[in-house]
Amino acid sequence: QVQLVESGGGLVQPGGSLRLSCAASGFTFSNYVMSWYRQAPGKERELVATITSLLGTTTYADSVKGRFTVSRDNGKKTVYLQMNSLRPEETAVFCCKAKGALSSNSGQFYWGQGTQVTVVS
C-alpha cells in the first residue's frame, strides 16, 4: 500500500523555523521525484520545492529561495523541508508529492494528506 505521511507541522512565530518530514512506503522511493506543495486558505495550491530522485537536484519557488531547503534520504525513504524565517502569509497545509522519474513510472504520482503550518505571533 502506497503511503506518504507528513509530519512536523505546527504553530510557530514569525521568523521561526520548522522542519517537515514526509515518510514514504509502498513504492521505490529512489525512483521518484519528490516535491513539497502548500495551500493557504482560499488560495490555489503552490509548488514550493522539488528534489530529483538520484542526483538530488533542487528547485524552489522564488518566494522561498534562501529560506527553505529540501532534502531527501533515500535510505530512510523520507523527504524533508527545512523552513526558516517563516512569515504569517505562509500559513498553509503543506503536502508532499511523489512523481515517477523513470520511463516505466513517469505516469505515477502520489500525494500525502498534508500537515498544517500556522505562523502567528
Side-chain angles (χ1 to χ4, degrees):
Q1 181 182 1
V2 170
Q3 278 194 312
L4 289 172
V5 180
E6 299 94 338
S7 62
L11 196 66
V12 64
Q13 292 186 338
S17 298
L18 283 175
R19 188 193 195 205
L20 305 183
S21 299
C22 171
S25 60
F27 63 98
T28 306
F29 182 76
S30 58
N31 290 343
Y32 285 73
V33 175
M34 298 301 297
S35 298
W36 284 98
Y37 286 76
R38 65 186 176 189
Q39 188 164 20
K43 295 189 176 181
E44 293 188 354
R45 187 166 55 197
E46 174 191 20
L47 175 61
V48 175
T50 296
I51 184 165
T52 61
S53 54
L54 292 178
L55 294 181
T57 302
T58 58
T59 55
Y60 298 93
D62 286 344
S63 59
V64 307
K65 283 180 182 176
R67 298 186 298 119
F68 288 15
T69 303
V70 61
S71 60
R72 66 190 294 162
D73 185 331
N74 286 342
K76 294 182 177 179
K77 300 183 180 181
T78 301
V79 61
Y80 306 96
L81 185 67
Q82 176 67 43
M83 306 186 294
N84 299 328
S85 303
L86 282 161
R87 304 164 179 169
E89 60 267 30
E90 295 181 308
T91 293
V93 174
F94 283 71
C95 294
C96 63
K97 175 188 172 183
K99 185 179 183 304
L102 309 177
S103 58
S104 58
N105 66 359
S106 60
Q108 295 176 356
F109 61 93
Y110 310 111
W111 287 93
Q113 291 296 311
T115 185
Q116 176 70 46
V117 171
T118 302
V119 186
V120 63
S121 55

S.K.: Measuring only between side-chain heavy atoms, which start at C-beta, is M83 closer than 4.5 Å to V64?
M.R.: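 Side chain of M83 against side chain of V64, heavy atoms only: no contact under 4.5 Å found.
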S.K.: Any ring-ring contact (aromatic ring centres under 6.0 Å, His included) involving residues 29-52? Give me the pairs, sequence neighbours left out, ordered by first then second residue.
M.R.: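 Qualifying pairs: F27-Y32, Y32-Y110, Y37-W111.
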S.K.: A side-chain contact here means heavy atoms from C-beta on lying under 4.5 Å apart; do L20 and E6 qualify?
M.R.: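 No; the side chains remain at least 4.5 Å from each other.
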S.K.: Just how far is it from atom CD of Q116 to atom OG1 of T91, taken to the nearest 0.5 Å?
M.R.: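 The CD atom of Q116 sits 7.0 Å away from the OG1 atom of T91.
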S.K.: In Å and rounded to the nearest 0.5 Å, what is the CG to OG1 distance from L81 to T115?
M.R.: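 One gets 11.0 Å once the value is rounded to the nearest 0.5 Å.
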S.K.: When the side chains of residues 40-57 are checked against the rest of the protein, which donor-acceptor pairs come out under 3.5 Å, sequence neighbours left out?
M.R.:
| unit_1 | atom_1 | unit_2 | atom_2 | d |
| --- | --- | --- | --- | --- |
| E46 | OE1 | R38 | NE | 2.8 |
| E46 | OE1 | R38 | NH2 | 3.3 |
| T50 | OG1 | S35 | OG | 2.9 |
| T52 | OG1 | G56 | N | 3.2 |
| T52 | OG1 | T57 | N | 2.8 |

S.K.: If you compare all heavy atoms of S17 against all heavy atoms of N84, which two are closest, and at what distance to 0.1 Å?
M.R.: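 Looking at all heavy atoms of both residues, the closest pair is OG-OD1, 2.9 Å.
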S.K.: L4 vs M34, test: side-chain contact (heavy atoms from CB on, under 4.5 Å). Steps then yes/no.
M.R.: CA-CA 11 Å; L4 289 172; M34 298 301 297; 4.0 Å; yes
S.K.: With a 4.5 Å heavy-atom cut-off, do V33 and K97 have their side chains touching?
M.R.: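 The answer is no; the side chains never approach within 4.5 Å.
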S.K.: Quick one: pull up OG in S21 and CD in Q82 and give me the separation to the nearest 0.5 Å.
M.R.: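 Between S21 OG and Q82 CD, I get 9.5 Å after rounding to 0.5 Å.
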S.K.: Quick check: does any side chain N or O of N31 sit under 3.5 Å from a backbone N or O of N105, one acting as donor and the other as acceptor?
M.R.: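 No, N31 side chain to N105 backbone: no donor-acceptor pair under 3.5 Å.
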S.K.: How close do V79 and C96 get, heavy atom to heavy atom, and via which atoms?
M.R.: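 Shortest heavy-atom separation between V79 and C96 comes out as CG1-CB, 4.5 Å.
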S.K.: Once you round to the nearest 0.5 Å, how far does CD of Q39 lie from SG of C95?
M.R.: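 One finds 8.0 Å between CD of Q39 and SG of C95.
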S.K.: Per the ring-ring contact (aromatic ring centres under 6.0 Å, His included) rule, what does the pair list look like for residues 64-102, sequence neighbours excluded?
M.R.: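 Every candidate ring-ring contact (aromatic ring centres under 6.0 Å, His included) pair involving residues 64-102 fails, so no pair, neighbours aside, qualifies.
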S.K.: Tell me if the CD atom of Q113 is crowded by more than 12 foreign heavy atoms within 6.0 Å.
M.R.: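 No, the 6.0 Å shell around CD holds no more than 12 heavy atoms from other groups.
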S.K.: Do the side chains of S25 and K77 get nearer than 4.5 Å, heavy atoms only?
M.R.: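 Not in contact.
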